[in-house]
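Nothing here was measured: the structure is a model prediction, and the numbers come from that model.
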Amino acid sequence: VARVYPLFDVAKIIIAERANLIFIINLSTQNSIFGYGTNPHNQHTHQLLLDSDAKCYGGHARVDPSVNYPIHPDGQLKFYTTSRSAMVLG
């Protein structure tokens, strides 16, 4: 079963969970957001599996691929989402 979070009008971000993966899509043409958060079903540290902003895909490489994404004490997973990009965490 997939969990899809609503598109937030201001942020223009879509988040979906499926098969222990978290898909994050930032549709904004201007806003990169540091510390954006969600409450994932799987409460474990996540790793970046795919970043459409990586140099190999013609992006600007604004996200460090070596960073792990732990769950904060409040149950939130926080991350940096860059404008016009998609990420997959797992």
Side-chain angles (χ1 to χ4, degrees):
V1 174
R3 289 176 46 177
V4 179
Y5 300 90
L7 173 66
F8 298 99
D9 293 331
V10 175
K12 297 184 180 175
I13 295 173
I14 298 172
I15 300 173
E17 283 187 71
R18 177 78 176 169
N20 296 327
L21 300 174
I22 300 173
F23 301 85
I24 303 160
I25 304 165
N26 186 336
L27 299 174
S28 175
T29 58
Q30 300 175 354
N31 296 324
S32 296
I33 302 172
F34 182 78
Y36 197 83
T38 187
N39 292 323
H41 178 70
N42 289 319
Q43 296 284 306
H44 61 81
T45 298
H46 292 76
Q47 295 178 322
L48 182 63
L49 302 177
L50 176 78
D51 176 19
S52 69
D53 191 49
K55 285 273 188 203
C56 63
Y57 300 120
H60 300 287
R62 297 173 283 182
V63 175
D64 183 351
S66 67
V67 170
N68 287 325
Y69 297 89
I71 300 297
H72 290 255
D74 64 358
Q76 286 226 326
L77 171 72
K78 299 196 178 195
F79 47 85
Y80 174 52
T81 177
T82 57
S83 61
R84 300 171 307 213
S85 67
M87 296 170 32
V88 178
L89 303 177

- Message: Could you report the tightest heavy-atom contact between Ala86 and Ile25, atom names first, then the distance?
- Response: CB-CG1, 4.1 Å
- Any donor and acceptor pair, going by atom type alone, linking the side chain of Asn31 with main-chain N or O of Ala11 inside 3.5 Å? no
- Query: Under 4.5 Å between any side-chain heavy atoms of Ile71 and His46, yes or no?
  - Reply: yes
- Message: For Thr29, give me all partners under side chain to side chain donor-acceptor pair (under 3.5 Å), at least two apart in sequence or on another chain.
- Response: none
- Measuring from Phe23:CZ to Leu89:CG, what's the distance to the nearest 0.5 Å? 10.0 Å
- Query: What's the shortest heavy-atom distance between Pro40 and Gly75, and which atoms?
  - Reply: CD-O, 3.8 Å
- For residues Ile13 and Ile24, determine if any side-chain heavy atom of one lies less than 4.5 Å from a side-chain heavy atom of the other. yes
- Item | Heavy-atom closest contact (Pro65 atom, Leu48 atom, distance) | CA-CD2, 3.8 Å
- Query: Around atom CD of Gln30, are there more than 12 heavy atoms of other residues, nucleotides or ligands at under 6.0 Å?
  - Reply: no
- Query: Mind checking whether Thr38 and Phe79 have side chains closer than 4.5 Å, heavy atoms only?
  - Reply: yes
- Message: Would you say Leu50 ends up clustered with Leu21 if hydrophobic residues are merged whenever their side chains have heavy atoms under 4.5 Å apart, either directly or through other cluster members?
- Response: yes
- Query: How long is the gap from NE2 on His44 to CG on Asn68, to the nearest 0.5 Å?
  - Reply: 11.5 Å
- Can you measure from OG1 (Thr81) to NZ (Lys12) and round to the nearest 0.5 angstrom? 13.5 Å
- Sorted by chain and number, sequence neighbours left out, salt bridge (charged side-chain N to carboxylate O under 4.0 Å, His left out) with Asp53 holds for Arg62
- Quick check: are there more than 12 heavy atoms from other residues, nucleotides or ligands sitting under 6.0 Å from CD of Gln76? yes
- Message: Assigning hydrophobic clusters by single linkage (Ile, Leu, Val, Met, Phe, Trp, Tyr; side-chain heavy-atom cutoff under 4.5 Å), is Leu49 placed with Met87?
- Response: no
- Quick one: pull up CG in Leu77 and CG in Asn42 and give me the separation to the nearest 0.5 Å. 10.5 Å
- Task: Compare every heavy atom of Lys55 with every heavy atom of Ala61, then report the nearest pair and how far apart it is.
- Result: CB-CG, 3.6 Å
- Which heavy atom of Tyr57 sits nearest a heavy atom of Asp51, and at what distance? CD1-O, 3.3 Å
- Task: Specify the closest pair of heavy atoms between Ser85 and Ser52, including all atoms of both residues, with the distance to one decimal.
- Result: CA-OG, 3.3 Å
- Query: Is any side-chain heavy atom of Ile15 less than 4.5 Å from a side-chain heavy atom of Tyr36?
  - Reply: yes
